[in-house]
Enquirer: 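I am attaching a structure below and will ask some questions about it afterwards.
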2 protein chains.
Amino acid sequence: MLYRIGEVAKRTDCKVETVRYYEQVGLLPQPYRSDSNYRLYSEEHLAQLRFIRHCRSLDMPLEDIRNLLTLREQPHEHCAEINTLVDKHIRRVNEQMASLGQLRKSLLALRGQCAGPGSSDTCEIVRELSACECHQE
Amino acid sequence: MLYRIGEVAKRTDCKVETVRYYEQVGLLPQPYRSDSNYRLYSEEHLAQLRFIRHCRSLDMPLEDIRNLLTLREQPHEHCAEINTLVDKHIRRVNEQMASLGQLRKSLLALRGQCAGPGSSDTCEIVRELSACECHQE
DNA sequence: TACAATCCCTCTAGTAACTATAGAGTCAAG
DNA sequence: CTTGACTCTATAGTTACTAGAGGGATTGTA
């Protein structure tokens, strides 16, 4: 059973262009071609695309996915590496969360500056954004 | 007192290329030029660049900063708009945090799948990434 | 004065992961 | 036989920079 690109895209919940893109950057092997040059995908292609999409839904960079796809062939020899890769990604996500938390605090503080129109001559938010000392010197 | 681009970059803690970039995309007005065509910045330029950098440190998109720079001229007429803009950004950050939280949960669950080498025929992490049902159909 | 180390200039291309467009061919239904 | 949906390639655009080539300007030292 072979599928055309539109079918594949629908089944993996991604855009047709994205499927072609993955092929272009070498994440997805070249599919067969019909007489009229349409791409034709097998179940294996489909499975690999699902793997990629799942990794992407976990926000892994394509480079990591590329590595995983290779390591996947002999999972047991590479168990440690696979874990390292996942751990690294978890750390990345932790860092992002921490810095977003800081960001949120700063934004709420900034937002709290506004005492409404008429309360002073200048907008407190604008003043704060202009006058802070983080980027002096 | 006029400053050359390197000095400006150092004082605002950003790269020389970034300063030129802000000029190119119209966030920073064109500076004066020396006889030898070097960019020369005034204190006002410096202040505006600090404003931009502070907004960026809050992760605001350049487009929002562009709007703020305009609204800033008559802060009081635009108090409501300024608040809206900041609120929108806070919501964006909240959403990012929520989705990162989900992501972290999924990654930790995935990581927990690994029972160490030798425990089964296939790597559980790889199996989970392949076999999940999120991207079926 | 000569020279080297910095600085600065413009222009172009590269980054991540797609997304969108143009212009053309293919296929199935009515 | 024509309409609409699908597909193809190739190219450019997105965000916010960053890096590099190839050249001139300035500054400090010998």
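Chain A is the first sequence line, chain B the second, and so forth, proteins listed ahead of strands; every chain is numbered from 1.
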Enquirer: Of Gln48(A), Arg53(A), Glu17(A), which is the lone residue that meets side-chain hydrogen bond (donor to acceptor under 3.5 Å, both in side chains) with Tyr22(A)?
Expert: Arg53(A)

Enquirer: What is the distance from CE of Met60(A) to P of dA17(C), rounded to the nearest Å?
Expert: 12 Å

Enquirer: If the cut-off is 4.0 Å, is Tyr38(B) near the phosphate of dG24(D), judged by side-chain N/O to OP1 or OP2?
Expert: no

Enquirer: In whole angstrom, give the distance that lies between atom OH of Tyr41(B) and atom C1' of dC8(C).
Expert: 11 Å

Enquirer: Name the nucleic acid region contacted by Arg4(B), choosing base, sugar-phosphate or nothing; use a 4.0 angstrom heavy-atom cut-off, strictly under.
Expert: sugar-phosphate

Enquirer: Rounded to whole angstrom units, what separation is found between the CG atom of Leu40(A) and the P atom of dC27(C)?
Expert: 11 Å

Enquirer: Establish, with yes or no, whether the OP1 or OP2 oxygen of dC8(D) is under 4.0 angstrom from a side-chain nitrogen or oxygen of Ser36(A).
Expert: no

Enquirer: Give a yes/no answer on whether the side chain of Tyr22(A) brings an N or O atom under 4.0 Å of OP1 or OP2 in dC18(C).
Expert: yes

Enquirer: Could you state the CD-P distance from Gln24(B) to dT12(C), rounded to the nearest angstrom?
Expert: 11 Å

Enquirer: Between the side chains of Glu7(B) and Tyr41(B), is a donor N or O closer than 3.5 angstrom to an acceptor N or O?
Expert: no

Enquirer: Let me spell it out: for each of Ile5(B) and Glu63(A), pick the nucleotide of DNA chain C with the closest heavy atom. Which residue's pick is nearer the 5' end?
Expert: Ile5(B)

Enquirer: For a 4.5 angstrom cut-off between non-hydrogen side-chain atoms, does Cys55(B) reach Asp64(B)?
Expert: no

Enquirer: Taking all heavy atoms of His89(A) and all of Leu58(A), pick out the closest pair and write down the distance.
Expert: NE2-O, 2.7 Å

Enquirer: Between C1' on dA25(D) and CZ on Arg39(B), what's the gap in Å once rounded to a whole number?
Expert: 15 Å

Enquirer: From CD of Glu17(A) over to P of dG13(D), roughly how many Å is that when rounded to an integer?
Expert: 17 Å

Enquirer: Starting at atom CZ of Arg33(B), determine the distance to atom C1' of dT10(C), rounded to an integer number of angstrom.
Expert: 9 Å

Enquirer: Using OP1 and OP2 only, check whether a side-chain N or O of Arg56(A) sits under 4.0 Å from dC18(C).
Expert: yes

Enquirer: Between Arg20(B) and Leu62(B), just flag the one whose closest nucleotide in DNA chain D comes earlier from the 5' side.
Expert: Leu62(B)

Enquirer: Does this structure show an ion pair linking Arg66(B) with Glu63(B), if we count only N-O contacts that are shorter than 4.0 Å?
Expert: yes

Enquirer: Specify the residue among Ser34(A) and Lys15(A) whose closest nucleotide of DNA chain C lies further upstream toward the 5′ end.
Expert: Lys15(A)

Enquirer: Whole angstrom is fine here: how far is it from CG in Leu28(A) over to C1' in dA17(C)?
Expert: 15 Å

